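Here's the structure, in structure tokens; my notes come after.
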Amino acid sequence: MGHLPPFPPDHPDIERVRRIALALPEAKEKLSVGRPAFYTKKVFAWFGMSRKVDGVWDHSPISVGVLLPEDERQAVLDRPAAYIPGYIGPYGWVGLLLDESTDWVEIAELIEESYRVTAPARLVRMLDGGA
């Protein structure tokens, strides 16, 4: 018997993250550890990675996880909506809670930056309009 997904698979925020992520060159989606993951050769965005709240794990936050350059990661971690996700946080990932106040333009920029960090150079060139 399989596990139930931690949130509805058609949640509107998953749909928004999906549209942003899959618009990037050769991006694909897979289910990994029960969560949507967006990748080329490597994952560049996760939806809903766990976080600790007052010492207790919240396994289904409505959030997006991205891998950013260290200086940008530190700036993002200063925001109230940011957290270090379980499992992947020690590897440089940051999570951002999504709600009605989310700036989706900024989320798209962060997902693109994570894509740039993880995608092969050929795909980054495609993103930039090169061959």
Side-chain angles (χ1 to χ4, degrees):
M1 186 165 159
H3 294 283
L4 292 174
F7 23 70
D10 60 348
H11 189 285
D13 289 341
I14 293 173
E15 292 300 323
R16 290 178 101 164
V17 168
R18 181 175 286 128
R19 277 193 303 275
I20 293 165
L22 295 180
L24 297 166
E26 298 185 22
K28 297 179 181 102
E29 179 180 353
K30 64 183 174 181
L31 202 58
S32 181
V33 296
R35 286 143 172 71
F38 302 92
Y39 70 101
T40 58
K41 295 283 185 190
K42 298 178 182 178
V43 172
F44 64 88
W46 294 87
F47 188 87
M49 294 306 288
S50 301
R51 69 181 180 136
K52 265 195 178 174
V53 179
D54 298 326
V56 178
W57 284 103
D58 172 7
H59 292 288
S60 56
I62 301 301
S63 63
V64 63
V66 291
L67 184 62
L68 302 172
E70 187 58 27
D71 58 336
E72 194 167 351
R73 179 178 184 264
Q74 288 305 316
V76 169
L77 282 171
D78 287 339
R79 301 175 189 177
Y83 66 97
I84 297 175
Y87 311 107
I88 61 174
Y91 301 99
W93 289 78
V94 61
L96 290 152
L97 298 172
L98 305 172
D99 61 23
E100 62 280 343
S101 67
T102 296
D103 178 346
W104 285 96
V105 171
E106 181 180 36
I107 294 297
E109 290 169 356
L110 293 171
I111 290 172
E112 180 181 311
E113 185 63 32
S114 187
Y115 176 93
R116 289 176 180 281
V117 169
T118 62
R122 172 184 68 82
L123 297 180
V124 174
R125 283 192 303 274
M126 285 177 65
L127 180 63
D128 291 336

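Numbers here are sequence positions counted from 1. Here the structure is a predicted model, which means the values were calculated and not measured.
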For the pair His11 and Phe47, name the ring-plane relationship: parallel under 30°, tilted 30 to 60°, perpendicular over 60°.
tilted

If I compare all heavy atoms of [X] with all of [Y], which pair ends up nearest, and what's the gap?
{"X": "Ile20", "Y": "Trp104", "answer": "CD1-CE3, 3.9 Å"}
{"X": "Arg116", "Y": "Asp128", "answer": "NH2-OD1, 2.6 Å"}
{"X": "Leu96", "Y": "Tyr83", "answer": "N-CE2, 3.9 Å"}
{"X": "Gly86", "Y": "Met49", "answer": "O-CE, 4.2 Å"}
{"X": "Ala82", "Y": "Val76", "answer": "CB-O, 3.1 Å"}
{"X": "Thr102", "Y": "Ile107", "answer": "CG2-CG1, 3.5 Å"}

Verify, without hydrogens or angle tests, whether [X] (side chain) and [Y] (backbone) share a donor-acceptor contact under 3.5 angstrom.
{"X": "Tyr115", "Y": "Pro25", "value": "yes"}
{"X": "Ser114", "Y": "Leu67", "value": "yes"}
{"X": "Arg73", "Y": "Gly92", "value": "yes"}

Rounded distance (nearest 0.5 Å) linking atom [atom1] of [X] with atom [atom2] of [Y]:
{"X": "Trp93", "Y": "Leu68", "atom1": "CH2", "atom2": "CG", "value": "9.0 Å"}
{"X": "Asp13", "Y": "Asp99", "atom1": "CG", "atom2": "CG", "value": "8.5 Å"}
{"X": "Lys52", "Y": "Asp58", "atom1": "NZ", "atom2": "CG", "value": "12.5 Å"}
{"X": "Arg51", "Y": "Trp57", "atom1": "CZ", "atom2": "CH2", "value": "11.0 Å"}

What about [X] and [Y], same hydrophobic cluster or not, with Ile/Leu/Val/Met/Phe/Trp/Tyr joined at side-chain heavy-atom distances under 4.5 Å?
{"X": "Ile62", "Y": "Val94", "answer": "yes"}
{"X": "Val43", "Y": "Val117", "answer": "yes"}
{"X": "Val17", "Y": "Leu110", "answer": "yes"}
{"X": "Ile88", "Y": "Ile14", "answer": "no"}
{"X": "Leu77", "Y": "Leu97", "answer": "no"}

Exercise for review: Begin with the C-alpha distance, continue with both residues' side-chain angles, and end with the deciding distance and a verdict on side chain to side chain contact (heavy atoms under 4.5 Å, CB included) for Glu112 and Glu109.
Suggested key: CA-CA 5 Å; Glu112 180 181 311; Glu109 290 169 356; 5.7 Å; no

Could you go step by step and tell me if Met126 and Arg122 meet the side chain to side chain contact (heavy atoms under 4.5 Å, CB included) rule?
CA-CA 6 Å; Met126 285 177 65; Arg122 172 184 68 82; 3.8 Å; yes

- Working for side chain to side chain contact (heavy atoms under 4.5 Å, CB included), residues Arg35 and His59: CA-CA 10 Å; Arg35 286 143 172 71; His59 292 288; 4.0 Å; yes

From CA spacing to verdict: side chain to side chain contact (heavy atoms under 4.5 Å, CB included), Phe44, Leu24: CA-CA 11 Å; Phe44 64 88; Leu24 297 166; 3.7 Å; yes

| query | Does any donor atom in the side chain of Ser32 or Tyr39 lie under 3.5 Å from an acceptor atom in the other side chain? | reply | no

